[in-house]
Amino acid sequence: MKKIQIISGPCSAESEMQVMKTAEALRTAGIDWFRAGLWKPRTRPGSFEGMGEKAIPWMQRVRDEFGMRICTEAACAKHVFTCRDAGFDMLWIGARTTSDVFSVQEIAEALKGSGMPVFVKNPMSQDIGLWAGAVERLMMQGINNIGLIHRGFASFERSVYRNLPKWKEVISMRSLFPELPLLCDPSHIAGDARYVREIAQKALDLGLDGLMVECHCDPKSALSDAGQQLTPDEFISLLNTLNVRSSDNDSPDYRTKLSELRSEIDLCDETIVEVLARRMKVSEEIGRIKRENNVSIIQPGRWDEVIEAAVLSGKDKGLEESFIRDIFNEIHKASVTTQEQ
Ligand code: PEP
Ligand code: MN
C-alpha cells in the first residue's frame, strides 16, 4: 500500500503544556511530523496572533524528546532565518502569503541554499497561476525540496465548508508539477471537525500523497480554529478508517478490465475529435456565407439557443451543466475564430 505523509499538530502553539501534550499523543500513535503555527495571520488585529519566538523552545522539545520532525508557517524572511537557526525540519507558506508575490519572493531568497524543504499552500483565491508562480519563485532560487498543499479556496458560493476544495485545480497543479508531493489540508477546507474525514478520504481517493490535519489536546479551548481541530484520539481513529488506494495493481483481472475500458475511451476520444473537425468545417462554411451576404459573425441569440439545447440534452444524459457550458464555450470561441479568417 502507498505510504501517505501525515503532518499533524495544533493550529497554533499556545503553551508548552498544550504543545507537549498534543505532540506526545500524536507521537505515541506513530505520527512523525508535528506542525504548529507560531506567527498567525489574523484578519483583525487584537485576536490571538501566535506566541512567536517564545514557542521555539517548545517545538525543540518536541523534536528532541519525541524525535518528531517539526514545521511551522513562515510568512517573511525573518521567520525563515529564525526557524532555520532553531533547527526546524520544514516550513510552509500559508494561503495568505502565497497570494503575495513580494513576500513569496522574499521567502524564496531567504530559503536559498538552506536545504530546508518548503510546502506551498494554495492562495486564498482560486488562482492556479498564483500558486504555480510561488513554486516557480522558489525553483528560481535553486530550491528543489518543494511540496504543495491544497487547503481550499475562499469563495462566496454557499457551502458547509469554510474553504471550497477544487479538485480540478488540484489535478491541474499535479500536471504542472508532477514531481512535487501534493498534500491536502482537510482542516482548513472543512472549518468544522465533522467534515474533516470526508475531505481527507476524497483527497486519498484522488491519489494525493498525504494530509496535514490540525489536532489539539483540547480543541474547545483552542485560541485559533477551535471548531476544526480534532483531538489526537479522534484523529487516530479517523486515520484508521481511511481507505488508502494503491497507485497501481498487478491483478490480471484488473489489468484486463482496465485495458478494455481504456480502448473504449480511446475510441470515444477519436469520435470526439472527428465530430469536432466536422463541426469546424460546417462553421467555416457558415462563415463563408455570412461574409458573402454581409452578415455579422456573432449572433448571440443563436448561440444562447445552441448552448441551452446542449445543456438540456446533457442533463438528460446525466452530464453536469457547468461541464457542458465549459466545453461549448470553448467550441464557440474556436468557431468564431475560424469565421473571422
Ligand atoms: C494554518 O495552517 O494554520 C493556516 C493558517 O493555514 P492557511 O494558510 O491554509 O489558512
Ligand atoms: Mn489553522
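Residue numbers start at 1 and run along the sequence shown. Both ligands and their constituent atoms are indexed starting at 1 by order of listing.
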Joint hydrophobic cluster, Leu183 plus Val118, side-chain heavy atoms closer than 4.5 Å: no
Heteroatom of Glu214 nearest to the Mn ion (ligand 2) (N, O or S, atom name): OE2
Whether Trp167 and His150 hold their rings parallel, tilted or perpendicular, with breakpoints at 30° and 60°: perpendicular
Ligand 1 to Arg151 polar contact by distance, N or O atoms, under 3.5 Å: yes
Considering only N, O or S atoms of His188, the one closest to the Mn ion (ligand 2): NE2
Proximal ligand 1 atoms for Gly94, defined as those under 4.0 Å from one of its heavy atoms: 8 (O)
pair Trp58-Met51: side-chain heavy atoms closer than 4.5 Å: yes
Close side-chain approach of Trp39 to Glu53, heavy-atom, < 4.5 Å: yes
Heavy atom of the protein closest to atom 2 (O) of ligand 1 (residue, atom name, distance): Arg35 NH1, 2.7 Å
Other residues, nucleotides, ligands: >12 heavy atoms within 6.0 Å of Lys290 NZ: yes
Contact check: Met212 vs ligand 1, nitrogen or oxygen atoms, below 3.5 angstrom: no
Close approach, Glu214 and ligand 1, non-hydrogen under 4.0 angstrom: yes
No-hydrogen, no-angle side-chain donor-acceptor test under 3.5 Å, Thr241 and Arg197: yes
Polar proximity ligand 1 side, Arg96 side, N/O cut 3.5 Å exclusive: yes
Subset of ligand 1 atoms that lie under 4.0 Å from at least one heavy atom of Cys11: 3 (O)
Between Ser313 and Lys317, a side-chain donor and acceptor under 3.5 Å: yes
Atom 8 (O) of ligand 1 [closest protein heavy-atom partner, distance rounded to 0.1 Å]: Ala95 N, 2.8 Å
Ligand 1 atoms in contact with Lys121 (distance to a heavy atom under 4.0 Å): 1 (C), 2 (O), 4 (C), 6 (O), 7 (P), 8 (O), 9 (O)
Atom 4 (C) of ligand 1 - nearest protein heavy atom and its distance: His188 NE2, 3.4 Å
Polar contact flag, side-chain donor to acceptor under 3.5 angstrom, Asn163-His188: no
Could you go through residues 102-113 and list every donor-acceptor pair under 3.5 Å that involves a side-chain atom there, pairing it with any protein atom two or more places apart or in another chain?
from: Ser103; atom 1: OG; to: Asp100; atom 2: OD2; distance (Å): 2.5
from: Gln105; atom 1: OE1; to: Arg137; atom 2: NH1; distance (Å): 2.9
from: Gln105; atom 1: NE2; to: Glu109; atom 2: OE2; distance (Å): 2.8
from: Glu106; atom 1: OE2; to: Ala77; atom 2: N; distance (Å): 2.7

Proximal heteroatom of Asp225 relative to the Mn ion (ligand 2) (N/O/S): OD2
Under 4.0 Å to a heavy atom of Lys40 - the qualifying atoms of ligand 1, by number: 1 (C), 3 (O), 5 (C)
Min heavy-atom dist Gly37 to ligand 1 below 4.0 Å: no
Close N or O approach (Glu73, ligand 1; < 3.5 Å): no
Any side-chain donor near an acceptor of the partner, Ser283 and Gln339, under 3.5 Å: yes
